[in-house]
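Everything below concerns the one structure shown next.
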Protein chains: 2
Amino acid sequence: MTIKEVCEKYDITADTLRYYERVGVIPTVTRTAGGIRDYQESDIGWVENAICFRDAGMPVEMLIEYVRLFQEGDSTIDARAALLKEARETIIEAKKKYDIALEKLDYKIGRYEIAQKTGELTWD
Amino acid sequence: MTIKEVCEKYDITADTLRYYERVGVIPTVTRTAGGIRDYQESDIGWVENAICFRDAGMPVEMLIEYVRLFQEGDSTIDARAALLKEARETIIEAKKKYDIALEKLDYKIGRYEIAQKTGELTWD
DNA sequence: ATACAACTTGGAGCTAACTCTAAGTCAAGG
DNA sequence: CCTTGACTTAGAGTTAGCTCCAAGTTGTAT
């Protein structure tokens with residue numbers, strides 16, 4: 001799979017894909033004889049995970065650390081498991097904050113809907 | 001309430017509070033005769049909302065726009081309601097991404113726990 | 001064989017959101 | 001009154017995460 005196809009599949013720019021590889025968010029991608037990226041299933045898997053975790057707000061630095069540990073081999077299994085658990089806690093905390101904001105928003109939106117119906121605004 | 005007290009209450013730096021005010025994330029804060037910030041209930045309310053929505057990933061630019069509309073008066077009620085609804089959608093979408101990442105994490109963590117028990121690693 | 005688009009690398013540039021610095025002002029304790 | 005520490009502003013600097021650019025290479029279609 002070419003870089004272009006991966007871009008289109010995941011709606012991400014080629015620059016970002018190359019950046020992820022360069023800094024180590026994903027391991028080095030397979031190349032053709034000519035040196036052109038030719039994404040294999042496993043490369044795609046890393047890309048998918050990277051995008052998924054970045055979308056959940058995980059810092060690039062954490063993904064780099066995970067890849068680094070992964071490449072170090074089986075001796076880092078505990079460290080990787082710990083990293084993943086930490087990431088889970090972070091995401092759960094972030095989600096709580098999103099829920100609080102949603103509550104606040106729903107309350108405000110409700111107030112605005114009353115204001116729009118009555119033409120009166122009596123707060124905030 | 002002094003800037004220091006607000007910092008401590010919300011675990012945020014004074015620099016950030018001043019920055020929020022400067023760029024318009026919150027309206028201008030009440031001052032003492034000497035020109036020192038003296039946060040009133042309403043100022044605190046704005047601070048609380050700003051922190052809450054920033055924590056939910058809303059861009060500073062959007063908060064500035066809301067404050068701008070608010071200060072323009074009742075003629076902007078529809079625009080403000082629309083802004084809040086857009087924010088709600090954005091947050092709901094973001095939360096979905098967080099859930100997908102959580103699922104992936106839980107799956108991976110499960111696999112690591114098996115690996116840690118058996119001492120074997122057969123994937124990834 | 002020759003265009004010509006799409007790829008490559010290394011490195012510079014950009015944006016959002018702070019964060020820090022300098023030079024000065026205010027206010028509480030002695 | 002004087003010191004000392006927290007406050008003020010304007011503006012410069014920093015960090016994360018891309019995003020763009022230049023100069024050169026590869027691969028496909030005539």
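Only this structure's heavy atoms are used, side chains among them; waters, hydrogens and symmetry mates stay out. Computed from a predicted structure; not experimentally measured. To find a chain, count down the sequence lines: A is the first, B the second, and so on, and within it residues start at 1.
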Among dC18(D), dC18(C), dG27(D), the one nearest any side-chain atom of Val60(B) is dC18(C)
Taking dC7(D), dT19(C), dT9(C) as options, the one with an atom nearest any side-chain atom of Arg37(A) is dT9(C)
Here the distance between atom C1' of dT26(D) and atom CG of Asp38(A), to the nearest Å, is 14 Å
Requested in this report: Answer yes when Asp99(A) and Lys95(B) have at least one side-chain N-carboxylate O distance shorter than 4.0 Å, and no when they do not.
Outcome: yes
Of Ile36(B) and Gly34(A), the one whose closest nucleotide on DNA chain D sits nearer the 5' end is Ile36(B)
From CG of Leu63(B) across to C1' of dC18(C) the rounded distance in Å is 14 Å
Would you say Thr16(B) places a side-chain N or O within less than 4.0 Å of OP1 or OP2 belonging to dT19(C)? yes
Of the candidates dT9(D), dT8(C), dG27(D), the side chain of Thr32(A) sits closest to dG27(D)
Tightest non-hydrogen contact, residues Tyr10(B) and Ile51(B), listed as CB-CD1, 3.5 Å
note: Ile3(A), atom CD1; dT9(C), atom P; distance rounded to Å ~ 9 Å
Lys4(A) has its side chain closest, among dA6(C), dG27(D), dC18(D), to dA6(C)
Regarding the side chain of Arg22(A), the nearest nucleotide among dG17(D), dG11(C), dA27(C) is dG11(C)
Between CD of Glu5(A) and P of dA6(C) the distance, given in whole Å, is 13 Å
Should Thr2(B) be listed as having a side-chain N or O under 4.0 Å from OP1 or OP2 of dA6(D)? no
Scanning both residues in full, the closest heavy-atom pair of Ile44(A) with Met1(A) reads CD1-SD, 3.3 Å
The nucleotide from dT26(D), dA17(C), dT9(D) with an atom nearest the side chain of Arg18(B) is dT9(D)
Taking dA17(C), dG27(D), dT8(D) as options, the one with an atom nearest any side-chain atom of Arg54(B) is dA17(C)
Of the listed dG11(C), dA6(C), dC20(C), the closest approach to the Asp15(B) side chain comes from dC20(C)
Taken to the nearest whole Å, OH/Tyr19(A) to C1'/dC14(C) is 13 Å
Rounded to whole Å, CD of Glu8(B) lies from C1' of dA6(D) at a distance of 12 Å
By nearest-heavy-atom nucleotide on DNA chain C, the more 5' of Gly35(B) and Pro59(B) is Pro59(B)
Between OH of Tyr39(A) and P of dC7(C) the distance, given in whole Å, is 10 Å
When you measure from the side-chain N and O atoms of Tyr20(A) to the phosphate of dG17(D), is any distance below 4.0 Å, counting only OP1 and OP2? no
Assess whether a salt bridge exists between Arg37(B) and Glu5(B), defined as any Lys/Arg side-chain N lying under 4.0 Å from an Asp/Glu carboxylate O.
no
(request) For the pair Phe53(B) and Lys104(A), evaluate side chain to side chain contact (heavy atoms under 4.5 Å, CB included) and give the outcome as yes or no after the intermediate values. (result) CA-CA 9 Å; Phe53(B) 294 133; Lys104(A) 216 179 252 263; 4.0 Å; yes
Rounded to whole Å, CE of Met58(A) lies from C1' of dA16(D) at a distance of 15 Å
Ile26(B) and Ala50(B) have their tightest heavy-atom pair at CG2-CB, 3.9 Å
